[in-house]
Amino acid sequence: MPKGFQEYRMFEAEQKQVNQRILAFCRERGLPEPRLSWGWIPFDGHWGISTSLFQLAAQEIRAAGLKANVQERATELAEQIAAFLGTPEGFERVEAVRGYLNLYFSTATYAQRVIDAVLEQGINFGRGERLHERVMVEFSQPNTHKAFHVGHLRSAILGDTLCRILEFAGYDVVRANYPGDIGLHVIKWLWNYMKYHAGERPEKDITRWMGDMYAEAVRRLEENPELEAEVRALYARWDQRDPEVVRLWQETRQWSLDGFDEMYRQLDIRFDVYYFNSMVEHPGKEMVDELIAKGIAQDERPNGPVIVKIDELLGLKQEKYRVLVVLRSDNTALYATEDLALAKKKFTDYPDLVRSYYVVDVRQSLHFQQVFKTLELAGYEWATRCQHVPYEIVTLPGNVVMASREGTVVLLENLIREAIQRALQVVEEKNPELSADQKMEVARAVGIGAIKYPMLARENAKIVTFDWQAALDFNGQAAPYIQYAHVRANSILRKAGVAKVEDLPAPMPYRYSLAQAEIQLIDLLSRFPREVQRAAAELKPLHIANIAYDLARAFTDFYNECPVLSVEEPVRSGRLRLVAASRQVIANALQLLGITAPEVM
RNA sequence: GCCCCUGUAGCUCAAUGGACAGAGCACCUGCCUUCUAAGCAGUUGGCUGAGAGUUCGAAUCUCUCCAGGGGCGCCA
């Protein structure tokens with residue numbers, strides 16, 4: 001649990017006070033010290049804190065060595081405690097229901113507290129106190145000289161959102177990219193280019209062009225396997241750092257990087273630092289030498305590779321980490337070689353990292369466990385601060401894995417274009433009076449949001465199945481629904497002449513009787529900071545996706561049931577402030593998801 | 001053979017160890033002179049893969065099965 005977690009509970013003080021009283025109650029009756037776990041009342045439209053007394057009842061019965069009915073005793077206790085508490089300061093009502101104790105907040109003051117806090121803190125509502133702890137998140141490791149497809153999107157979106165959440169939760173975050181800019185795939189690409197396309201340059205759709213060129217190279221080599229020799233020769237030239245090859249590699253690599261930049265820009269994803277695969281090739285080999293010198297790695301060259309028998313070194317009887325190959329028998333580097341050096345480089349560049357996260361496909365779990373354990377064995381104290389954040393892949397319907405070679409890919413460029421195009425059609429239909437620029441702006445927000453949301457609104461460990469129909473469906477539980485709630489809130493405020501917080505009515509206690517929808521909405525607003533901390537602690541954007549949708553739904557209920565502009569004072573002012581607060585928290589949640597909150601739709 | 005993940009409504013997914021397991025999609029029926037219908041209301045839909053255990057209480061924790069997916073010495 002991050003430091004200061006308790007502070008993110010908005011009603012901590014009240015809860016403590018009630019806890020004290022219940023403690024006094026127990027002492028008075030000679031009951032065991034209760035261990036109460038407080039939660040919110042789990043019914044829509046009910047607002048307050050709640051605990052069960054089953055545990056206390058069970059404790060008591062056990063301590064006394066009695067055989068009694070816990071359910072009945074808990075019910076009794078709840079009733080007795082409710083009577084003992086009366087109506088504590090700040091609460092409106094206390095009720096005992098079947099072993100549960102529910103304390104309802106005085107909405108007049110608590111509603112004001114929540115709404116005022118949101119409006120005062122604005123874009124910072126929900127932001128955790130700065131922890132002065134730095135973490136690095138490595139994500140979106142795209143291969144240059146290849147296509148970028150929807151399968152590659154999850155690491156990019158998940159990583160970006162985790163960065164946003166961790167930063168908001170209070171961490172100093174370093175966003176790292178790790179492009180695969182060298183390797184056999186690059187050499188094949190260069191070979192094809194030099195032989196058949198010398199001098200050509202990509203005009204537009206750079207990434208697609210790069211991908212097509214790679215596919216062409218693969219096809220040529222499949223059709224004429226004897227050409228492999230040329231590729232090997234070219235790889236040798238690269239290894240010698242032949243100036244012509246290096247120059248061409250640099251130039252063409254940049255084309256890919258330019259293409260990626262364009263996609264990152266459209267997706268609103270940025271990086272603080274780029275580590276390139278090519279940067280860690282030689283340092284990795286040096287680390288392998290070091291491992292051999294330390295007696296951790298075994299050198300079987302030239303008849304075998306350099307390996308680390310991790311289980312043996314740890315003295316494990318059962319296989320767990322198995323054997324990691326850290327260098328090929330021909331002295332060429334593997335991913336493992338490079339990952340050793342990369343991990344070290346990260347901590348050399350940022351010695352104060354408390355965590356070094358790797359947002360990478362779950363299939364590489366064992367690989368990372370091996371690499372991190374090897375580094376630990378080599379005596380690097382920071383090795384235990386490295387952590388793999390696994391996620392499941394994106395497949396096509398029928399559990400078809402996206403693979404460029406199989407032609408089973410949805411190119412990101414196509415998806416973005418289609419999504420925006422489709423969104424534009426819908427805007428034309430729904431809101432024809434907007435200007436062309438506005439329509440395009442909305443279409444981008446909606447199209448990109450629709451792409452991102454499904455990748456974030458499920459467990460990291462669950463496969464996302466991509467299908468066009470679902471991706472382009474803007475109805476229901478999806479980003480546009482949340483964006484639409486934001487737009488509706490915005491619309492009310494606009495009509496009320498509220499352009500900024502200062503235009504709102506003054507802070508006020510909510511003395512009028514709040515509708516269920518209002519209570520539900522305020523309750524959710526108050527939960528947002530907790531969800532931020534939870535998402536950060538568990539590394540799960542899902543929690544933010546859920547609260548964002550819940551907020552949108554609660555606001556939509558409110559919108560349908562509670563008129564704002566046409567209602568009498570002081571209800572009008574109170575609701576106006578609630579609308580402004582709702583808009584703010586929905587916007588904050590969307591911001592964490594990397595989804596634009598539009599003003600109009 | 002060893003290890004990891006998943007199994008909840010027809011489909012896609014939620015659910016701080018707690019109160020009647022909830023949404024969306026799809027299907028059906030309604031609702032635009034009232035703050036934007038990308039919306040809302042209603043109807044239908046479940047022995048949470050099976051079994052045991054821990055617990056006052058299990059979709060959630062443990063174990064054993066079953067089913068599906070993934071990983072496991074020179075792929076990335």
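In what follows, chains carry the letters A, B, and so on, assigned in the order in which the sequence lines appear, proteins first and then strands, with residues in each chain numbered from 1.
A:Ala57 comes within 4.0 angstrom of nothing in the nucleic acid, heavy atoms only. A:Arg62 comes within 4.0 angstrom of sugar-phosphate atoms only, judged by non-hydrogen atoms across all strands, and of no base. Within 4.0 Å of A:Thr332, counting heavy atoms only, lies no atom of the nucleic acid at all. If you check every strand for non-hydrogen atoms under 4.0 Å, A:Gly304 touches a base. At the heavy-atom level, A:Gln318 lies under 4.0 Å from the strands shown only through sugar-phosphate atoms. Looking at heavy-atom distances under 4.0 Å, A:Phe43 makes contact with a base. A:His367 comes within 4.0 angstrom of a nucleotide base, judged by non-hydrogen atoms across all strands.
Spacing between B:rG49 and B:rA59 at atom P, rounded to whole Å, works out to 10 Å. The same atom, C1', is picked in B:rG73 and in B:rA67; the two are 31 Å apart, to the nearest Å. Between B:rA21 and B:rA9, the two C1' atoms lie 11 Å apart (nearest whole Å). The gap from the C1' atom of B:rC40 to that of B:rC32 amounts to 11 Å, rounded to the nearest Å. Across the C1' atoms, B:rC27 and B:rG69 are found 31 Å apart, a figure rounded to whole Å. With P as the reference atom, B:rG71 and B:rG45 are 41 Å apart, rounded to whole Å. Across the P atoms, B:rC5 and B:rC25 are found 33 Å apart, a figure rounded to whole Å. B:rG24 and B:rA76 have their C1' atoms separated by 37 Å, with the value rounded to a whole Å.
Looking at A:Glu95 and A:Arg93, a side-chain N of the basic residue comes within less than 4.0 Å of a carboxylate O on the acidic one, giving a salt bridge. Ion pair A:Arg328/A:Asp330 not flagged as a salt bridge, since none of the NZ, NE, NH1 or NH2 atoms sits closer than 4.0 Å to an Asp/Glu carboxylate oxygen. A salt bridge does not link A:Arg444 to A:Glu441: none of the charged side-chain nitrogens sits closer than 4.0 Å to a carboxylate oxygen.
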Along nucleotides 10-17 of chain B, 5' to 3', which nucleotides get a B, which get an S, and which get a -, given that the test is a protein heavy-atom distance under 4.0 Å?
-> --SSSS--
Mark up nucleotides 28-42 of chain B, 5' to 3', with B wherever a protein heavy atom is under 4.0 angstrom from a base atom, S wherever such an atom reaches only the sugar-phosphate, and - elsewhere.
-> -------BBSBSSS-
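Comparing B:rA23, B:rC74, B:rC56 by their nearest atom to the side chain of A:Phe54 picks out B:rC56. Comparing B:rG24, B:rA19, B:rG1 by their closest approach to the side chain of A:Arg322 singles out B:rG1. Of the candidate nucleotides B:rC74, B:rC56, B:rG1, B:rC74 has the atom lying nearest to any side-chain atom of A:Pro305.
Near-neighbour residues of RNA chain B inside residues 569-581 of chain A, defined by a heavy atom below 4.0 Å, are absent.
At whole-Å resolution of the value, CD1 in A:Ile187 and P in B:rA76 are 13 Å apart. Atoms CD (A:Glu319) and C1' (B:rG1) sit 8 Å apart, rounded to a whole Å. The CZ atom of A:Arg98 sits 10 Å away from the P atom of B:rA19 (whole-angstrom rounding). The NZ-P distance, from A:Lys540 to B:rU60, rounds to 15 Å in whole Å.
Using modelled atom types and a 3.5 Å distance limit, the side chains of A:Arg583 and A:His486 yield no donor-acceptor pair. A side-chain donor from one of A:His543 and A:Glu538 sits under 3.5 Å from a side-chain acceptor of the other.
Mapped onto RNA chain B by nearest heavy atom, A:Ile307 and A:Gln71 fall at different nucleotides, with A:Gln71 at the one closer to the 5' end. In terms of position along RNA chain B, the nucleotide closest to A:Asn102 lies nearer the 5' end than the nucleotide closest to the other residue of the pair A:Val323 and A:Asn102.
Scanning for side-chain contact (heavy atoms from CB on, under 4.5 Å) contacts around A:Val600 gives A:Leu434, A:Gln438, A:Val442, A:Arg494, with sequence neighbours left out. The side-chain contact (heavy atoms from CB on, under 4.5 Å) check on A:Ser278 picks up A:Asp181, A:Ile182, A:Trp249, A:Arg253, A:Phe276, with sequence neighbours excluded. Contacts of A:Tyr104 classified as ring-ring contact (aromatic ring centres under 6.0 Å, His included), with partners at least two apart in sequence or in another chain: A:His46.
Of all heavy-atom pairs between A:Leu504 and A:Ala580, the closest is CD1-CB, 3.6 Å. Taking each heavy atom of A:Gly304 and A:Ser329 in turn, the nearest pair found is O-CB, 3.3 Å. Closest approach of A:Ser37 to A:Thr51, counting heavy atoms only: O-OG1, 3.3 Å. Scanning all heavy atoms of the two residues, the minimum distance from A:Tyr453 to A:Ala545 falls at OH-O, 3.1 Å. Closest approach of A:Glu338 and A:Ala333 over heavy atoms only: OE2-CB, 3.8 Å.
A syn base is found at B:rC32: its glycosidic angle is within 90° of 0. Base orientation at B:rG68 is anti, since its O4'-C1' glycosidic dihedral falls outside 90° of 0.
A:Gln141 places no side-chain N or O within donor-acceptor distance of the main-chain N or O of A:Asn177, the cut-off being under 3.5 Å.
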